[in-house]
A.B. asks: 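Pasting a structure here, questions to come.
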Amino acid sequence: MAINERELAELVNLHSTQKLDPFKGVKKLPVQEYFTSGHRTCQGCESALVMKMMVKAAGPRTIVLGSTGCMYVANTTYYSTAWVVPWMHTQLGSSGSAALGAAAALKALMRKGKMKDEPINVIAFCGDGGGADMGISAISATLTHPDYNCLILMYDNESYANTDIQLSGSTPWGAHTTFSPPGTKKRIMHHRWKKNMAGMMAAGHPECRYVATVDMSFPVLAMNAVRKALTIGGPTFIHSLDPCPKGWDYDPIQSHELGELAVTSGVWPLYEVENGVLRLLGKTRDIAEGRLKRSPVRDYLNRQGRFAHFTDDDIEYFQSKVDEMWNKWLVPGVIPFRKQVEEDKPPAQG
Ligand code: SF4
Ligand code: MG
């Protein structure tokens, strides 16, 4: 006889979660802030906006755990913090372990009657260095444990921004970072395509019931992804792409527009995978269903100083790789398998 969802929940003894209904629009957002003044992020920092909206979506009965990175260092400088909810630092690669540990501790304390039994959100965040590189094993391990309610949010500014913009596994092809400065002999110092974290987490973790990609230029979609992840429960994962004026080298006033261009150019597809069902969201869905034409990647790249050394060939190559995501991947924009392996031709150096 098939096991139903309630029986499965009893089997893993999953605690109930807060029921967080989706917001209907920006005008319906609560006015309360749980990430306020007192932080020292750069002007135009989208990752700070992610923190603010993430915890606004989660509400006051939330514990936030943060691994080392910009959102740790800039938000909790000695004797000052922007966090209104309980917050704890954890080591650089430990967002997964911290999330699982905090969720397990709460469960144990409630079981022993040492604290009130109520649904409390546990969110652990990490940057791309702390998540896609150093912390990937702990995140993966956590996503295999269906018995604990916790959300891991990876804010991806595409570099180790906190320590002066070194390249990470999430840095885009060809970008100028302090580890990949373009030279006269060799123009492109970074040859790897960005890691596909959300696709990897969704495809590889059958116990994880919710994975989403978000972008704070589309705040209601992003906040509703947080609310859905926390409501569904078990271990969940959200990957956010965050324009970073310092690392991407642009005027801070452009942050919002760059976030939009990342999506409309097709570089950053927005989607969620809920109980194994993939749903494209927002403008990504419009692109996939033919209502919106993808904007040229050139418009996105040319606004950022980290790509200022690109030649036309480099831009064309970048465009061809994004086209490949949409035209050749078996699940366009999400899962990078191709029906047939084709030759990859990066531009010649010089
Ligand atoms: Fe934000 Fe980038 Fe500044 Fe870090 S370096 S605080 S991510 S804008
Ligand atoms: Mg980073």
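Numbers for residues simply follow the sequence, beginning at 1. Quick caveat, the model's predicted, so the values are computed rather than measured. Numbering of ligands and ligand atoms starts at 1, following listing order.
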A.B. asks: Is Cys244 close enough to atom 4 (Fe) of ligand 1 to have an N, O or S atom under 2.8 Å?
C.D. replies: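 Given the 2.8 Å cut-off, Cys244 does not count as a ligand of atom 4 (Fe) of ligand 1.
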A.B. asks: Are Glu316 and Arg298 close enough, and set up right, to give a salt bridge (charged side-chain N to carboxylate O under 4.0 Å, His left out), and what steps lead you there?
C.D. replies: CA-CA 8 Å; Glu316 269 170 39; Arg298 178 184 293 273; 5.2 Å; no
A.B. asks: Looking only at protein heavy atoms, which one is nearest to atom 4 (Fe) of ligand 1, and what is the separation?
C.D. replies: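 Atom 4 (Fe) of ligand 1 sits closest to the protein heavy atom Cys70 SG, 2.3 Å.
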A.B. asks: Within 45 degrees of the axis of the six-membered ring of Phe23 and under 6.0 Å from its centre: does Arg227 put its NZ or CZ there?
C.D. replies: yes
A.B. asks: What residue and heavy atom of the protein are closest to atom 7 (S) of ligand 1, and at what distance?
C.D. replies: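 Checking every protein heavy atom, the shortest distance to atom 7 (S) of ligand 1 gives Asn157 ND2, 3.2 Å.
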A.B. asks: May I ask you to list the atoms of ligand 1 that are less than 4.0 angstrom from any heavy atom of Thr41?
C.D. replies: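 Close to Thr41: 6 (S).
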A.B. asks: Kindly indicate whether the side chain of Ser159, heavy atoms from C-beta on, has any atom under 4.5 Å from the side chain of Phe179.
C.D. replies: no
A.B. asks: For Phe318 and Phe307, take the angle between the two ring planes, folded into 0 to 90°, and tell me which bin it lands in: parallel under 30, tilted 30 to 60, perpendicular over 60.
C.D. replies: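 Phe318 and Phe307: perpendicular rings.
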A.B. asks: With a 4.0 Å cut-off on heavy atoms, is Gly247 in contact with ligand 1?
C.D. replies: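 Gly247: no contact with ligand 1 (<4.0 Å).
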A.B. asks: Below 4.0 Å, non-hydrogen atoms only: which portion of Ala74 touches ligand 1? Side chain, backbone, both or neither.
C.D. replies: neither
A.B. asks: Regarding Thr17 and Lys19, do their side chains bring together a donor and an acceptor under 3.5 Å, going by distance alone?
C.D. replies: yes
A.B. asks: Which option out of Ala48, Pro252, Pro245 puts a heavy atom nearest to atom 8 (S) of ligand 1?
C.D. replies: Pro245
A.B. asks: Is a side-chain donor-acceptor pair under 3.5 Å present for Ser168 with Asp128?
C.D. replies: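 Yes, side-chain donor-acceptor contact under 3.5 Å.
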A.B. asks: Strictly under 2.8 Å, is atom 2 (Fe) of ligand 1 approached by any N, O or S atom of Cys45?
C.D. replies: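 Short answer: no, not a single N, O or S atom is under the cut-off.
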A.B. asks: Closer than 4.0 Å to some heavy atom of Cys42 - which atoms of ligand 1 meet that?
C.D. replies: 3 (Fe), 5 (S), 6 (S), 8 (S)
A.B. asks: Does a donor on one side chain and an acceptor on the other come within less than 3.5 Å for Asp313 and Thr311?
C.D. replies: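 Side-chain D/A pair, Asp313 to Thr311: absent.
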